[in-house]
Amino acid sequence: MEELLLNHYNLNNVSLQKMEGYISTNYKVDAQQGTFVLKVYPAEAKEDVLAETEMIEHLTHLNASSLSKPIPNTKAELITLVNINGEAKLLRLLTFVEGDFLAEVNQTPDLLYSLGQFMAEIDKSLLHFRNKGIEARKLDWDLQHINQCRALRTDISDPAERKLVDYFFLQWDQQVYPQLAGLRKAIIHNDANDWNILVKENQVSGIIDFGDSVYTPLINELAIAITYSVFGKDDPIASALPIIEGYTSILKLFEEEIDLLYYLIAGRLIMSVCKSAHEKKLKPESEYITISEKPAWDLLRKWVTINPLHAKNEFRKAAGLSLQEIPEIDEVLERRYTSLSPILSVSYKKPIYMESAAFQFMFDRYGNSYLDAYNNIPHVGHQHPRVVESGQRQMAKLNTNTRYLYDPLQEYAEKLLSKFPSTLNKVYFVNSGSAASDLAVRLAQTYSQKQGMVVMEHGYHGNTRMGIDISPYKYQSKGGKGKAHHIIEAVIPDTYRGAYRNNNGEAGMAYANDLLEKIRSHEGGIADFIAEPIIGCGGQVPLAKGYLQAVYPAIRAQGGVCISDEVQTGFGRMGNHFWGYEMQGVVPDIVILGKPMGNGHPMGAVVTTEAIAEAFNNGMEFFSSFGGNPVSCAIGSAVLDVIEEEQLQQNASMVGDYFMDQLRQLQNEFTTIGDVRGSGLFIGVEFIKDDQLTPNTELAQRIKNELRNRHILVSTDGPYDSVIKSKPPLCFTKSNVDQVIEEMRQVLSTNSN
């Protein structure tokens, strides 16, 4: 190589230091005449090298030391054709640009502002520059061709990481792709990463490596520069603003360009991590290939927590663009009540005007992000891409009713039933937990030929007429008509504030015996006993140990059936158990499913035995217009797949145990916390005033609303509304728990009484 440099460039006393690269092999050249960069290309890259050289030549009006410029050989040519070990190669010698890499310096706001200006100067110069060679390029690193690397996502081994990538691919499809064709395009550098930008005296002094230059939407240049510059920043949005300010001081941007920046930055990140995952398989020894992988993942995890509207508004302000006016909450409520009845309640003293969500985060119209420690319907996470895409694909193919034969119905039914004991082998699909409760009672009464029903104090089983009749939470509250004559109401087997508190099986048996006395004195037979394994509306109260083991046989002995309402407790939420009834060591005759099975899509089901199903098959057809439709089945199947692939039941166990432990430590600090209870990620925290366990409703409400003001969502429940309940999406993490605990500690420190 030294001889080639002497023969073709008259360089003497040469020493070479190899540097990594993709298409070219690169060397730092120290010679008597100075320091240079030598790039060695395959001969077939000639057209690309010529195009890139023409582009650099176009930029010669910029500061002479800011670009790595081609040096002519002894024949005044900018590229040199040579033979190396029998292979045709191209040489290109470039000036060496001095400076420190942006990745290695303190990135002050002034420096980032200069980065924006520097990139804008290049883009402004290239805005009307055209080159057929560059315009013909179809590079993987061109953001407009992001789908070329979508298949590489399978090389990401961690499902939790892969879902982040899938989520932002989904957002790209929804937010960016429809607008790509309308964006102004230009030839851009396309790789202003922190190892290509050079710095002197707190100002950007140069840029290297034009090998990825493409003809693409202009805004991609700024998106790429921001992506690498905000690596490792506590507030990446704030760090991006000086770059935008500097850029737009030179080259103005259009609204549609700025409004896509959040998603374009995410696009660059998912391209980076996908390609890193793939390249690691091909070249596991290369540090250069994976040098940006860790900070890219760190930023991607942070990026998903950021409200896209917050990013858009801040970026707009930095670019000097106006913001969209959002109506105040009072106006939104007033509009709501012009069409809807106020009987539809809203959460919190200050309601939240929601816009979007992602996994365990929710985003309002004002740019705020909320940690969702409350909503159990998005079981595997808000807008999980696997679930969303499953529904989209099936909706585009077929959606009909169960009077037709289609594979998704049978496939989902079999997959769902595989989660149950073999005795529970028949399923009916409906649209909600309420409809499932209604059907479960019909099944029980048809099978038993009886009408009496045993329900749990403070229990809730749905909004149908039948559901309200079996829900003390509803019929005993304001507007309710009280208990019907055929209803037996069991006292909650509560070992915290109930009559029996020794939770070693003794209390469970005592509560069961009390219930059996009521049953024996009831006129007429019992059709069914229905209860949740943890009584949600009763204040997240777990049934006392051994309770169902004593109750179930007694119900069956007099011809009734046992119903477990798993609408809130099922699908792995309990952590150690997939279904709540398993905590009690029993198998019910009927199981009610709802809420989480569709991750927000309206689904419900009843699972039962062969014998009960046969009794119900009495000539009257059962039909649900939408229950079991192909789209619902595809979504339900995806939920089951995600639970398994992401090990969400195990996560509920691990994170739930950690959550309970941290809450109990908090209980040691504050005597107003009377009890911490639950299982997995189904947790209740009861607040009291004194040793007599006087409910502290006021404090619970203050905590709920103050946490909301601190952008954490929980709610309250229980007979006195004095229990904070937390039933977050199962992707909740220990760091999420830490955030909840710390904010709750601060609230309690200032509000406890």
Side-chain angles (χ1 to χ4, degrees), residues 163 167 344-348 351-352 354-364 370-388 390-391 416 429-437 460-464 467 471 473 532-534 536-537 540 565-575 578-580 591-605 626-627 631-643 646 648-649 651-652 655-656 678 680-684 704 708 712-717 724-732 736:
K163 76 175 183 182
Y167 171 78
L344 297 171
S345 64
V346 293
S347 296
Y348 309 108
I352 303 174
M354 285 299 186
E355 171 73 3
S356 60
F359 305 112
Q360 64 268 50
F361 305 100
M362 300 187 76
F363 310 120
D364 73 10
Y370 297 85
L371 175 61
D372 186 1
Y374 165 39
N375 288 290
N376 60 336
I377 295 177
H379 193 66
V380 300
H382 291 274
Q383 279 59 62
H384 193 292
R386 176 77 174 271
V387 179
V388 172
S390 294
L416 180 62
F429 291 115
V430 289
N431 306 121
S432 68
S434 295
S437 293
Y460 173 65
H461 304 288
N463 60 18
T464 66
S471 298
Y473 175 73
E532 299 172 282
I534 298 179
C537 292
Q540 316 294 100
D565 185 338
E566 299 281 347
V567 166
Q568 296 199 73
T569 56
F571 294 92
R573 179 165 293 280
M574 297 295 96
F578 200 80
W579 306 111
V591 179
I592 298 169
L593 306 177
K595 289 184 189 294
M597 67 187 302
N599 207 57
H601 181 78
M603 292 180 69
F626 302 109
V631 172
S632 295
C633 290
I635 289 171
S637 184
V639 169
L640 290 176
D641 290 341
V642 170
I643 292 171
E646 296 181 13
L648 293 182
Q649 181 183 346
N651 188 69
V655 176
L681 287 173
F682 193 107
I683 295 171
K704 175 182 72 174
R708 172 256 179 266
I712 293 175
L713 305 183
V714 297
S715 191
T716 51
D717 223 326
I724 293 285
K725 59 180 178 181
S726 180
K727 298 174 287 187
L730 296 196
C731 52
F732 217 63
N736 298 150

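Side chains included, hydrogens not; waters and symmetry mates left out as well; all remaining heavy atoms used. Bear in mind that the values here come from a model prediction, so they are computed numbers and not experimental data.
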*Asks:* Take atom CZ in F363; do more than 12 heavy atoms of anything else shown fall under 6.0 Å from it?
*Replies:* yes

*Asks:* Check whether any side-chain N or O of H379 sits under 3.5 Å from a backbone N or O of F571 as a donor-acceptor pair, and report yes or no.
*Replies:* yes

*Asks:* With D641, which residues qualify under side chain to side chain donor-acceptor pair (under 3.5 Å), at least two apart?
*Replies:* R386, K415

*Asks:* For Y370 and M354, which heavy atoms make the closest approach, and how far apart are they?
*Replies:* CD1-CE, 4.3 Å

*Asks:* Say whether, by atom type as modelled, one donor and one acceptor occur between the side chain of N651 and the main chain of L730 under 3.5 angstrom.
*Replies:* yes

*Asks:* Would the number of heavy atoms belonging to other residues, nucleotides or ligands and lying under 6.0 Å from CZ of F626 be above 12?
*Replies:* no

*Asks:* Between atom CE of M362 and atom CG of L713, what is the distance when rounded to the nearest 0.5 Å?
*Replies:* 6.5 Å

*Asks:* Is it the case that N599 and H384 place a side-chain donor and acceptor less than 3.5 Å from each other?
*Replies:* no

*Asks:* Q649 side chain to G575 main-chain N or O, any donor-acceptor pair under 3.5 Å?
*Replies:* yes

*Asks:* Could you state the interatomic distance from CD1 (I635) to OG (S390), rounded to the nearest 0.5 Å?
*Replies:* 7.5 Å

*Asks:* Looking at NZ of K727 and CZ of F732, how far apart are the two atoms once the value is rounded to the nearest 0.5 Å?
*Replies:* 14.0 Å

*Asks:* Restricting to non-hydrogen atoms, name the atom on Q540 and the atom on I534 that form the minimum distance, rounded to 0.1 Å.
*Replies:* C-CG2, 3.5 Å

*Asks:* Looking only at heavy atoms, which two atoms of Q568 and G536 are closest? And how far apart?
*Replies:* NE2-CA, 4.3 Å

*Asks:* Any chance you could lay out the side chain to side chain contact (heavy atoms under 4.5 Å, CB included) test for V639 and M603, step after step, and finish with the verdict?
*Replies:* CA-CA 12 Å; V639 169; M603 292 180 69; over 6 Å; no

*Asks:* State, with a plain yes or no, whether a side-chain heavy atom of L593 is found less than 4.5 Å away from one of L416.
*Replies:* yes

*Asks:* List in chain and number order the residues that pass side chain to side chain donor-acceptor pair (under 3.5 Å) with S432, two or more places apart in sequence or in another chain; answer none if no residue qualifies.
*Replies:* none

*Asks:* Return the minimal non-hydrogen interatomic distance between G381 and C731, and the atom names on each side.
*Replies:* CA-SG, 4.0 Å

*Asks:* Without swapping roles, check the side chain of S471 against the backbone of H461 for a donor-acceptor pair under 3.5 Å.
*Replies:* yes

*Asks:* Which value, rounded to the nearest 0.5 Å, describes the distance between H382 atom NE2 and Y167 atom OH?
*Replies:* 11.0 Å

*Asks:* Find out whether F361 and S356 are in side-chain contact, i.e. whether some heavy atom of one side chain is under 4.5 Å from a heavy atom of the other.
*Replies:* no

*Asks:* Can you tell me how far apart CZ (F429) and CE (M597) are? Round to the nearest 0.5 Å.
*Replies:* 5.5 Å

*Asks:* Restricting to side chain to side chain donor-acceptor pair (under 3.5 Å), what partner residues turn up for T716, sequence neighbours left out?
*Replies:* Q701, K704, D721

*Asks:* Show the nearest heavy-atom pair for residues N376 and P596, with the distance to one decimal.
*Replies:* O-CB, 4.0 Å

*Asks:* Spell out, as yes or no, whether a donor-acceptor pair under 3.5 Å connects the side chain of S434 to the backbone of N463.
*Replies:* yes

*Asks:* Determine whether a donor-acceptor pair (N or O, by modelled atom type, separation under 3.5 Å) exists between the side chain of R708 and the backbone of S715.
*Replies:* no

*Asks:* Please check: side-chain N/O of S726 versus main-chain N/O of A373, any donor-acceptor pairing under 3.5 Å?
*Replies:* yes

*Asks:* How far does CD of Q360 sit from CG of D372, to the nearest 0.5 angstrom?
*Replies:* 8.5 Å

*Asks:* Which heavy atom in G570 sits nearest to a heavy atom in W579, and how many Å separate them?
*Replies:* CA-CE3, 3.6 Å

*Asks:* Checking the side chain of D565 only, and the main-chain atoms of V567 only, is there a donor and an acceptor separated by less than 3.5 Å?
*Replies:* yes

